[in-house]
Amino acid sequence: MKFITLAQSLGQLEAIASRNQMTEVLADLFSRVTYQEIDWVCYLVLGRLKPKFSGVEFNLAEKMMVRVLSRAIGQSEAESLKLFKQTGDLGEVILKLKTSNSKLKIRKSLEIKDVYNSLLKIAEEAGEGSVERKLNKMAVLLSQLDPLSAKYVVRIPVKKLRLGFSDMTILDALSWMQTGDKSLRPELERAYSVSADIGRIARVFKQQGLNGLKQIQVEVGIPIRPALSERLPNAAKIVEKLECFAVEPKYDGLRVELHLDKTRKVELSEGLFKQQSSFIQIYSRNLDNITHMFPEVVLAVEQLPVKQAIFDGEAIGVHPQTGKLLSFQETIQRRRKHNIKQMLSQVPIKVFIYDLLYLNGRAVFKQPFSQRRQLLEKILTKRQNGLVLTEQTKVNNVKQLRYLLDKYLQQGLEGIMCKKLDEPYQAGGRNFNWVKFKKNTEGKLVDTLDCVVMGYYPGKGKRVGFGIGAFLVGVSDAETIKTVAKIGTGLTDDQWREMKKRCQQIRAPKCPNSYIVNKNLYPDFWCQPKIVVEIMADEITKSPIHTAGLALRFPRLVRFRDDKDIDQITTLKELKKLHQLQTSMLS
Ligand code: AMP
């Protein structure tokens with residue numbers, strides 16, 4: 001397919017607000033490409049070249065792209081910069097300049113494959129002088145493209161090709177392509193959950209249909225979507241529902257999925273990784289590649305007495321002198337791109353491993369938890385350089401459960417995880433195989449919510465100086481975001497400053513299409529759905545004004561959740577369940 005055809009679909013997608021229409025446009029596009037192209041198209045419509053977990057990034061700032069753009073069109077940099085400042089969108093700038101200059105007529109239109117390969121080469125440029133080479137190649141590519149194609153291509157390296165949908169919409173569209181409805185979504189999602197590479201799923205589905213999907217196996221190097229937990233109101237309900245289960249401490253750190261393959265050798269001669277020779281990758285809860293942030297974990301994983309494995313666990317910082325576990329805020333300092341060496345000694349990491357999903361060529365995630373645990377115990381026989389087997393106690397009565405909750409709370413932990421022993425690992429799913437149980441605050445909300453910041457209001461009184469006095473947050477409902485709270489208190493001065501800074505970086509010119517907001521709550525400034533915040537509240541109440549139909553009473557910010565992205569915020573369904581839990585606890 002010609003790239004211009006893809007660009008036309010991108011144009012359509014950009015103009016659409018309705019999720020169903022987007023799904024239809026995508027389905028139509030998918031039906032017209034070949035199976036050899038469909039994976040590239042999936043990544044490109046998401047504004048990427050590879051799945052997030054591959055770690056392929058452009059690292060080109062908008063300012064640099066202004067330079068590229070001038071070179072591509074033969075225009076002065078000052079002129080391009082002026083236009084960029086007016087519109088704030090490189091895509092519009094290049095579209096305008098290319099359309100208005102008849103000398104720039106393009107005779108030959110490029111195939112998707114050509115554009116994709118050129119972009120990939122640019123992203124993969126590394127080493128000395130790589131920035132200059134990237135800029136030159138990008139300028140050449142842009143000069144070869146028609147105005148509409150250039151508009152979308154220029155947005156990719158600067159991460160501005162936001163069309164407002166995720167991998168999940170692509171799964172719906174794949175189903176739509178085949179059946180004209182979303183009925184195949186469960187099968188597609190099942191395959192995606194064990195092999196979270198959207199391009200791979202699309203290619204297999206396009207070429208081999210449902211049968212192909214069924215053959216998709218877990219592979220080291222492609223993340224499995226993490227299992228999630230449910231909530232229940234009290235200890236008695238947990239024992240009643242789970243019957244015989246294991247209790248583990250619930251650590252408040254960063255979820256890590258560790259992938260190891262000693263049969264795949266890599267050559268890494270650089271700095272902190274120079275002692276490593278096997279293929280090792282670390283993925284976050286939202287499937288980002290975070291390997292380079294934890295070199296000591298990589299080296300520890302390589303020492304494990306197995307050939308291939310995938311582990312699930314929690315990374316948490318420890319005090320360098322006392323060895324005590326650190327808070328989430330301290331641990332999250334390790335989620336960074338730079339100064340990693342320095343942080344190694346300041347915030348050393350321990351990984352509590354609690355599950356095994358793959359071992360020596362075999363997927364084991366479908367085995368009952370008790371069997372997976374036995375395998376894990378054979379691998380983690382001692383504390384292997386900061387890799388620790390998570391403590392576990394088998395439980396079948398309320399007294400024991402309460403005792404363990406108290407024990408771990410006294411140790412300063414968040415609570416406990418109760419896990420059914422006879423169940424498989426529920427990749428990507430939230431069900432009662434895992435139930436989290438946190439401190440019971442007598443009728444008050446027993447858990448925090450992960451919400452997205454939708455917009456903000458300027459400050460009044462003391463907060464005039466911060467430029468922000470309140471912000472609006474929401475939860476997700478299918479692909480829409482509905483409001484649950486306007487938060488104007490409970491932040492420290494530093495948190496207000498931080499919030500303002502973050503909001504300003506992602507201001508949206510108008511209410512984003514996916515937001516459903518009552519007019520009376522319209523914020524003065526809208527934000528793109530990017531910032532995930534953890535919110536504590538006293539209670540969930542019914543609300544006529546918040547579009548979720550429920551609202552948070554006395555909401556306050558607990559922390560920014562940079563480890564989660566928009567796909568992982570609390571859903572309206574969960575909020576309703578929490579509301580029911582709260583009601584049942586009070587009655
Ligand atoms: P939540 O994010 O509150 O739904 O809780 C689930 C999260 O708890 C998981 O994503 C893990 O990051 C974390 N966690 C901490 N300890 C454990 C454990 N022992 N088992 C499973 N998850 C755990």
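Quick note: numbers below take in every heavy atom, side chains included, and nothing from hydrogens, waters or symmetry partners. Whatever order the structure lists ligands and atoms in, that order sets their numbers, starting from 1. Position 1 is the first residue of the sequence; numbering continues from there.
Atoms of ligand 1 lying under 4.0 Å from any heavy atom of K564, numbered from 1 in the order shown and given with element: 2 (O). Using a 4.0 Å cut-off to heavy atoms of E248, the atoms of ligand 1 that qualify are 18 (C), 19 (N), 20 (N).
What sits closest to atom 17 (C) of ligand 1 on the protein, heavy atoms only, is Y354 CE2, 3.4 Å. Remark: minimum distance from atom 2 (O) of ligand 1 to any protein heavy atom is reached at R285 NH1, 3.1 Å. Nearest non-hydrogen protein atom to atom 3 (O) of ligand 1 is K436 NZ, 2.6 Å. Looking only at protein heavy atoms, the nearest one to atom 8 (O) of ligand 1 is K250 NZ, 3.1 Å. Counting protein heavy atoms only, atom 12 (O) of ligand 1 is closest to E314 OE1, 2.5 Å. In terms of protein heavy-atom proximity, atom 6 (C) of ligand 1 is nearest to M417 CE, 3.5 Å. Protein heavy atom at the shortest distance from atom 15 (C) of ligand 1 is Y251 O, 3.0 Å.
Cation-pi geometry between R19 and F165 is not met at under 6.0 angstrom from the ring centre and within 45 degrees of the axis. The cationic group of R559 lies under 6.0 Å from the six-membered ring centre of F328 and within 45° of the ring axis, placing it in a cation-pi geometry. Relative to the ring axis of F432, K241 places its NZ or CZ within 45° and under 6.0 Å from the centre.
Each of D563, D312, D355 was checked for a salt bridge (charged side-chain N to carboxylate O under 4.0 Å, His left out) with R255, and the lone residue meeting it is D312. The side-chain hydrogen bond (donor to acceptor under 3.5 Å, both in side chains) test with E57 singles out one residue from K52, K50, K159, and that residue is K159.
Counting only N and O atoms by type, the side chains of T492 and D494 include no donor and acceptor under 3.5 Å apart. Donor-acceptor pairing under 3.5 Å is lacking for the side chains of R225 and Y283.
Look at P226 and you'll find every heavy atom at least 4.0 Å from all atoms of ligand 1. Assignment of F352 to the shell around ligand 1 is not supported, since no heavy atom sits closer than 4.0 Å. Not close to ligand 1: G313, with no non-hydrogen atom less than 4.0 angstrom away.
In E574, neither the side chain nor the backbone holds a heavy atom less than 4.0 Å from any atom of ligand 1. Contacts of K419 with ligand 1, taken as heavy-atom pairs under 4.0 Å, involve the side chain alone.
On a distance-only criterion, P249 and ligand 1 share at least one N/O pair closer than 3.5 Å.
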Go through N397 and Y403 one step at a time and tell me if the side chain to side chain donor-acceptor pair (under 3.5 Å) criterion holds. CA-CA 10 Å; N397 66 71; Y403 164 79; over 6 Å; no
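Closest heavy-atom approach to atom 9 (C) of ligand 1 within the set E534, E391, R255: this belongs to R255.
By the 4.0 Å N-to-carboxylate-O rule, R556 lies close enough to D538 to be salt-bridged with it. Of the charged side-chain nitrogens involved, at least one lies within less than 4.0 Å of a carboxylate oxygen, so that K419 and E248 count as a salt-bridged pair.
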